[in-house]
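Report on the following structure.
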Amino acid sequence: MQPKLLVWDWNGTIMDDMEFTYQIENRMLRERGMKEIPDREFYLNNFGFPIIDYYVKLGYDFSVYPYEELAAEFHRIYTEGYRCCPLRAGAIETLSAVRQMHIPQTLLSASEQSRLIEQTAFYHVESFFRELLGLSDEYAHSKVDRAKQYIQNHGIDPKDVLFIGDTDHDYEAAASVGCHCVLLTGGHQSKTVLARCGVPIMDSLQELLDYITG
C-alpha cells in the first residue's frame, strides 16, 4: 500500500524498551515480596492495555498497592533510566526514508504527553513527526479516543492512513477509526498475540518499507 499518512506508536515500535520495562516490573514485584514475572515469554503473551488490567494479571491487589502509586513508581524508575534503551534497528533510516517519500508521519503513544516530548527529543527524532500525540496522564488507559479525535479533527480519509505498532492496542486504535494497521514483532507482545488481530505482521522495519513502497 502507499499511505498518505503514517501513525507510529513509540514504545516497543520505535524505542526498543521491552527489556527495560520487563526489568522494572520484576524489580517492583520483587521489592514487594511478590512473585516475579517468570520469563520474557510470559511477559510477551500477557502484556496489554489498559495497563491496570495487566497489573491484575501480575497479582497486584490494589487495596494494598493502589494502581496510581504503582504507575507513579514505574514512571519514576522509567524516567530515571530510559536513556539506556536503544532505538529499534533501522529506526532512523526508516523515518528518513519515509520523509524522503514526502509521507507525513505522526506519533501516537500511550505515554504521557510531556514524557513523550522529552523522550523523542533525547533520541533526536521529534523532527520526523508532524505531531506528537501522547495521553493526558501516566496511567496508560487507552489511546483509542486520541486516535479518533486526531483523524476527525484533520478530516483525513482513514483508508489513506497506516498505523504502525507492536501491540494489539495499536490495532484497536487503528480499527476504531477504520485505518490500516501493520504490527511489528520485537516489541511488547508475542507474534502469537499479534496474529489474533488479523493484520500484516512484520519482523523488521525494512519489511515495512517494502510494504509501503510495494
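Just so you know, residue 1 is the first one in the sequence shown, and it goes up from there. Just so you know, these numbers come straight off a predicted model, no measurement behind them.
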If Ile, Leu, Val, Met, Phe, Trp and Tyr residues are connected whenever their side-chain heavy atoms lie under 4.5 Å apart, and connections chain through other members, are [X] and [Y] in the same group?
X      : Y      : value
Tyr211 : Val161 : no
Leu6   : Ile156 : no
Met15  : Val7   : no
Ile164 : Leu5   : no
Leu107 : Phe163 : no

Taking all heavy atoms of [X] and all of [Y], pick out the closest pair and write down the distance.
X      : Y      : answer
Leu58  : Met34  : O-CE, 3.9 Å
Leu44  : Met18  : CD2-CG, 4.1 Å
His169 : Glu172 : ND1-OE1, 3.0 Å
Ile77  : Phe20  : O-CZ, 4.0 Å
Leu116 : Ser111 : CB-CB, 4.5 Å

(request) Kindly check if the number of other-residue, nucleotide or ligand heavy atoms within 6.0 Å of OH (Tyr171) is above 12? (result) no

Rounded distance (nearest 0.5 Å) linking atom [atom1] of [X] with atom [atom2] of [Y]:
X      : Y      : atom1 : atom2 : answer
Leu132 : Ser109 : CG    : OG    : 9.5 Å
Leu95  : Ile103 : CG    : CD1   : 12.0 Å
Thr21  : Ile24  : OG1   : CD1   : 5.5 Å
Phe47  : Arg40  : CZ    : CZ    : 15.5 Å
Leu194 : Ile201 : CG    : CD1   : 5.0 Å
Glu19  : Cys84  : CD    : SG    : 9.5 Å

(request) Please answer whether the main-chain N or O of Ile37 pairs with a side-chain N or O of Asn26 as donor and acceptor at a distance below 3.5 Å. (result) yes

(message) Run Asp170 and Thr167 through side-chain contact (heavy atoms from CB on, under 4.5 Å) and show every step you take.
(response) CA-CA 5 Å; Asp170 296 302; Thr167 71; 3.2 Å; yes

Any side-chain heavy-atom pair of [X] and [Y] under 4.5 Å:
X      : Y      : value
Ile14  : Thr94  : no
Arg130 : Gln105 : no
Lys57  : Asp53  : no
Asp168 : Phe49  : no
Tyr123 : Pro86  : no
Arg30  : Lys35  : no
Arg76  : Glu80  : yes
Ser96  : Phe128 : yes

(message) Using the side-chain hydrogen bond (donor to acceptor under 3.5 Å, both in side chains) definition, which of the options His75, Arg115, Glu118 pairs with Tyr82?
(response) Glu118

(request) Test Thr13 against every option in Asp16, Asp9, Asn11 by the side-chain hydrogen bond (donor to acceptor under 3.5 Å, both in side chains) rule and name the one that passes. (result) Asp9

For residues 176-185, please give each side-chain donor-acceptor pair under 3.5 Å, one per line with the distance, not counting sequence neighbours.
| from | atom 1 | to | atom 2 | distance (Å) |
| --- | --- | --- | --- | --- |
| Ser176 | OG | Ala173 | O | 2.7 |
| His180 | NE2 | Lys159 | O | 3.2 |
| Thr185 | OG1 | Asp203 | OD1 | 2.8 |

Checking [Y] against [X]: is there a side-chain donor and acceptor pair closer than 3.5 Å?
X      : Y      : value
Asp166 : Gln189 : no
Tyr150 : Thr106 : yes
Asp17  : His188 : yes
Asp145 : Gln149 : no
Tyr54  : Glu25  : yes

(message) Between Ser114 and Glu112, does the side chain to side chain donor-acceptor pair (under 3.5 Å) criterion hold? Intermediate values first, please.
(response) CA-CA 6 Å; Ser114 64; Glu112 188 271 331; 2.4 Å; yes

(message) With a 4.0 Å cut-off on N to O distance, would you call Arg27 and Glu73 a salt bridge?
(response) no

(message) ring pair (Phe, Tyr, Trp, His ring centres under 6.0 Å), that's the test. Do Tyr67 and Tyr65 meet it? Break it down for me.
(response) CA-CA 6 Å; Tyr67 176 66; Tyr65 304 113; over 10 Å; no

(request) Output, in order, the C-alpha distance, side-chain angles, deciding distance and verdict of side-chain contact (heavy atoms from CB on, under 4.5 Å) for Gln2 and Ile212. (result) CA-CA 5 Å; Gln2 295 184 342; Ile212 293 172; 5.8 Å; no

(request) Take the angle between the ring planes of Tyr55 and Tyr60 and call it parallel below 30°, perpendicular above 60°, tilted in between. (result) tilted

(message) With side-chain contact (heavy atoms from CB on, under 4.5 Å) as the criterion, how do Met202 and Asp210 come out once you've worked through the C-alpha distance, each side chain's angles and the decisive distance to 0.1 Å?
(response) CA-CA 10 Å; Met202 298 175 185; Asp210 293 342; over 6 Å; no

(request) Check the pair Arg146 / Gln113 against side-chain contact (heavy atoms from CB on, under 4.5 Å), numbers first and verdict last. (result) CA-CA 12 Å; Arg146 198 82 160 101; Gln113 181 72 24; 3.5 Å; yes

